[in-house]
Enquirer: 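Structure incoming, see below.
Since we're looking at a predicted model, the values are computed, not measured.
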Amino acid sequence: MAMKESHITILGIETSCDETAAAVVTDGRQVRSSVVASQTALHQKYGGVVPEIASRAHIENLLPVLTEAMHQAGVGRDEIDAIAIANQPGLAIALVVGVTAAKTLSMMWGRPLVAINHLHAHLQSAMLNEEQIELPAVALVVSGGHTSLYDCESALDLTLLGSTIDDAAGEAFDKVATILKLPYPGGPSIEKAARNGDPKAIRFPRSMLGRDSLDFSFSGLKTAVLYHCRGKDMKGADCVDRMSEQQIADIAASFQAAVADVLVRKTRRAADRIGARTVLLGGGVAANGALREAMERMCLRHKPPRRLLVAPKTYCTDNAVMVASLAYHKYKAGLFADLTLEPNSTG
Ligand code: KG4
Ligand code: ZN
């Protein structure tokens, strides 16, 4: 008699920032459902995420999102083998909502709990369709809160090579969008405005932090955009109101090109250092077309070409598929958390 192949189905939960998300994924790659309740509308008028508002919205949204994820997947709780939760890094009062829910489900359903690092999960999105990646691999996570480069040995084995010393790449997009009076979240707004702009119109600075550094700094670039818009004396607070659409588009395109340039050059530096055959790219900013193209060019130019694996656009920004998918590898490795699990904002 043929043995029944056993499949592992995991319910993933994500509440680290301003998206309440749940997903059901089988064997790490078969996406059965993915539900994301975005809070963008709630935070828009503040130009950024307000932690207290995010936390309250997670409490309101989580149960309907979980119910919908189970419903869309067509599974009952008996078919769930484990509960996975992103417990770090993120906003503490946002993380705690998901962690509490995951621990409760784990206890009530008698299923193991898997704790997931949100940044590592972003990279898992880039590996979603891959059986195996060719090593060595360098991995870049670019999100609203983090810009981190890793030496990636496997989905579970990541060594940090460098990170931002000030603003994250996504944060820079959001802050520059505020300067240009473009709607929140800034990344998609800047990308849209940049479509009609000239990326070479303004030569904004590219901070490389010295020849050997694998760290990032974006605050100087943000200040350069501010000075460009308001003048060095900062007297032109309403200058942006007097700018033409073309001027705004040129600033957006030039800023975007500067960010992409730095991200690609640092990734190449890291890839050269570890002799990378593969480059992984994930996180909200990885949805940016200019960055994806520039990274692809860098990879193709190398001899022999490096393989670029980028998260599908739908799984670049926060979601729970990446959480449930990474949890499969931890499940297989027997790496479980217990009910003392706490959120950890710094990760
Ligand atoms: O990964 P993510 O959803 O949340 C965090 O973990 O932070 O990333 C959100 C960030 C925001 O800063 C947003 O402006 C940026 O990703 N982002 C983009 C694009 N889409 C989202 N940045 C540049 N271009 C985009 N198309
Ligand atoms: Zn994220």
Enquirer: Nearest 0.5 Å please: distance from the NE2 atom of His228 over to the CD atom of Gln247.
Expert: 7.5 Å
Enquirer: Between CE of Met208 and OG of Ser217, what distance do you get to the nearest 0.5 Å?
Expert: 11.5 Å
Enquirer: Output yes when a side-chain donor or acceptor of Gln88 lies under 3.5 Å from a complementary backbone atom of Leu119, and no otherwise.
Expert: no
Enquirer: Of the non-hydrogen atoms in Gly98 and Leu62, which two are nearest, and what is the gap between them?
Expert: CA-CD2, 4.2 Å
Enquirer: Keeping the roles fixed (side chain from Lys330, backbone from Leu156), state whether a donor-acceptor pair exists under 3.5 Å.
Expert: no
Enquirer: Are any of the side-chain heavy atoms of Phe216 and Leu140 separated by less than 4.5 Å?
Expert: yes
Enquirer: So do Ile13 and Leu105 actually touch side chain to side chain, heavy atoms under 4.5 Å?
Expert: yes
Enquirer: Do Met295 and Val310 have side-chain heavy atoms sitting under 4.5 Å apart?
Expert: no
Enquirer: Indicate yes or no: does Glu191 engage Arg195 in a salt bridge with an N to O separation below 4.0 Å.
Expert: no
Enquirer: Please report the closest heavy-atom contact between Ile251 and Cys229, naming both atoms and the distance.
Expert: CD1-SG, 3.9 Å
Enquirer: Using the side chain to side chain donor-acceptor pair (under 3.5 Å) rule, collect all pairs that involve residues 297-326, keeping only residues at least two apart or in two chains.
Expert: His118-Asp318, His122-Asp318, Gln124-Ser325, Glu130-Arg307, Asp272-Arg306, His302-Arg306
Enquirer: Looking only at heavy atoms, what is the nearest atom pair of Leu135 and Cys152, with distance?
Expert: CD2-O, 3.2 Å
Enquirer: Which distance, rounded to the nearest 0.5 Å, do you find between the CG of Leu180 and the CG of Leu226?
Expert: 10.0 Å
Enquirer: Determine whether Val264 and Phe218 fall in the same hydrophobic cluster, where Ile, Leu, Val, Met, Phe, Trp and Tyr are linked whenever their side-chain heavy atoms lie under 4.5 Å apart.
Expert: yes
Enquirer: Quick one: closest heavy-atom pair of Ala82 and Val114, and the distance?
Expert: CB-CG2, 4.2 Å
Enquirer: For Asp174 and Pro185, indicate whether the former's side chain and the latter's backbone hold a donor-acceptor pair under 3.5 Å.
Expert: no
Enquirer: Kindly determine whether Met70 and Leu66 satisfy side chain to side chain contact (heavy atoms under 4.5 Å, CB included), including the steps that lead there.
Expert: CA-CA 6 Å; Met70 296 290 285; Leu66 279 168; 5.6 Å; no
Enquirer: Side-chain contact test, heavy atoms from C-beta onward, threshold under 4.5 Å: evaluate it for Val49 versus Tyr184 and give yes or no.
Expert: yes
Enquirer: Would a distance-only check, ignoring hydrogens and angles, find a side-chain to backbone donor-acceptor pair under 3.5 Å from Ser106 to Arg111?
Expert: yes
Enquirer: Working to the nearest 0.5 angstrom, can you tell me the gap between Ile190 CD1 and Lys192 NZ?
Expert: 13.0 Å
Enquirer: Taking everything shown except Arg269 itself, do over 12 heavy atoms lie less than 6.0 Å from its CZ?
Expert: yes
Enquirer: If a pair satisfies side chain to side chain donor-acceptor pair (under 3.5 Å) and one of its residues is in residues 133-159, list it, with sequence neighbours excluded.
Expert: Glu134-Arg277
Enquirer: Tell me whether Asp27 contacts the main-chain N or O of Ile8 through its side chain, where contact means a donor paired with an acceptor under 3.5 Å.
Expert: yes
Enquirer: Kindly state each residue pair satisfying side chain to side chain donor-acceptor pair (under 3.5 Å) with at least one member in residues 63-80, sequence neighbours excluded.
Expert: Glu68-Gln72
Enquirer: Determine whether Asp250 and Asp198 make a side-chain contact, defined as any pair of heavy atoms from C-beta on separated by less than 4.5 Å.
Expert: yes
Enquirer: Is the closest side-chain heavy-atom distance between Glu14 and Val36 below 4.5 Å?
Expert: no
Enquirer: Indicate the atoms forming the closest heavy-atom contact of Lys175 with Lys222, along with that distance.
Expert: CD-CD, 3.5 Å
Enquirer: Starting from Met298, can I reach Leu291 by hopping between I/L/V/M/F/W/Y residues whose side chains sit under 4.5 Å apart?
Expert: yes
Enquirer: Could you pull out all donor-acceptor pairs under 3.5 Å where a side-chain atom in residues 332-341 meets a protein atom, sequence neighbours excluded?
Expert:
unit_1 : atom_1 : unit_2 : atom_2 : d
Asp338 : OD1    : Thr340 : N      : 2.9
Asp338 : OD1    : Thr340 : OG1    : 2.4

Enquirer: Report yes or no: does Asp215 contribute a side-chain atom to a donor-acceptor pair with the main-chain N or O of Ser163 at less than 3.5 Å?
Expert: yes
Enquirer: Spell out, as yes or no, whether a donor-acceptor pair under 3.5 Å connects the side chain of Thr15 to the backbone of Ala94.
Expert: yes
Enquirer: Would you kindly say whether Ser219 and Asp167 are connected by a side-chain donor-acceptor distance under 3.5 Å?
Expert: no
Enquirer: Looking only at heavy atoms, which two atoms of Ala311 and Gly282 are closest? And how far apart?
Expert: CB-CA, 4.4 Å
Enquirer: Can Val262 and Ser207 be said to form a side chain to side chain contact (heavy atoms under 4.5 Å, CB included), step by step?
Expert: CA-CA 7 Å; Val262 171; Ser207 170; 5.8 Å; no
Enquirer: Mind checking whether Thr164 and Asp166 have side chains closer than 4.5 Å, heavy atoms only?
Expert: yes
Enquirer: What distance do Leu182 atom CG and Ser189 atom OG have between them, rounded to the nearest 0.5 Å?
Expert: 5.5 Å
Enquirer: Does anything in residues 284-294 pair up under side chain to side chain donor-acceptor pair (under 3.5 Å), and if so which pairs, sequence neighbours excluded?
Expert: Gln256-Asn288
Enquirer: Sub-3.5 Å donor-acceptor pair from the side chain of Ser33 to the main-chain atoms of Ala69, do we have one?
Expert: yes
Enquirer: If I take atom CD1 from residue Ile80 and atom OG1 from residue Thr9, how far apart are they, to the nearest 0.5 angstrom?
Expert: 6.0 Å
Enquirer: If you apply the rule side chain to side chain contact (heavy atoms under 4.5 Å, CB included), what do you find for Gln39 with Cys17, and how did you get there?
Expert: CA-CA 9 Å; Gln39 304 172 11; Cys17 191; over 6 Å; no
Enquirer: Please report the C-alpha distance between Tyr46 and Ile53 in whole Å, then the side-chain angles of each, then the deciding distance to 0.1 Å, and finally whether the side chain to side chain contact (heavy atoms under 4.5 Å, CB included) criterion is met.
Expert: CA-CA 11 Å; Tyr46 304 102; Ile53 294 176; 3.5 Å; yes
Enquirer: Do Leu128 and Val24 sit in the same hydrophobic cluster, where Ile, Leu, Val, Met, Phe, Trp and Tyr count as joined when their side-chain heavy atoms come under 4.5 Å apart?
Expert: no
Enquirer: With Tyr227, which residues qualify under ring-ring contact (aromatic ring centres under 6.0 Å, His included), at least two apart?
Expert: none
Enquirer: In terms of hydrophobic clustering (I, L, V, M, F, W, Y; side-chain heavy atoms under 4.5 Å; direct or indirect links), are Val142 and Phe173 co-clustered?
Expert: yes
Enquirer: Within the 4.5 Å heavy-atom criterion, are Leu209 and Lys266 side-chain neighbours or not?
Expert: yes
Enquirer: Are any side-chain N or O atoms of Ser38 and backbone N or O atoms of Asp18, one a donor and one an acceptor, separated by less than 3.5 Å?
Expert: no
Enquirer: Mind checking whether Leu309 and Leu326 sit in one hydrophobic cluster, side chains of I, L, V, M, F, W, Y counted as touching below 4.5 Å?
Expert: no
Enquirer: Would the distance check show the side chain of Arg265 and the main-chain N or O of Leu263 forming a donor-acceptor pair, the cut-off being under 3.5 Å?
Expert: no
Enquirer: Testing Ile85, Val97, Val96 for side chain to side chain contact (heavy atoms under 4.5 Å, CB included) with Pro343, which one passes?
Expert: Val96
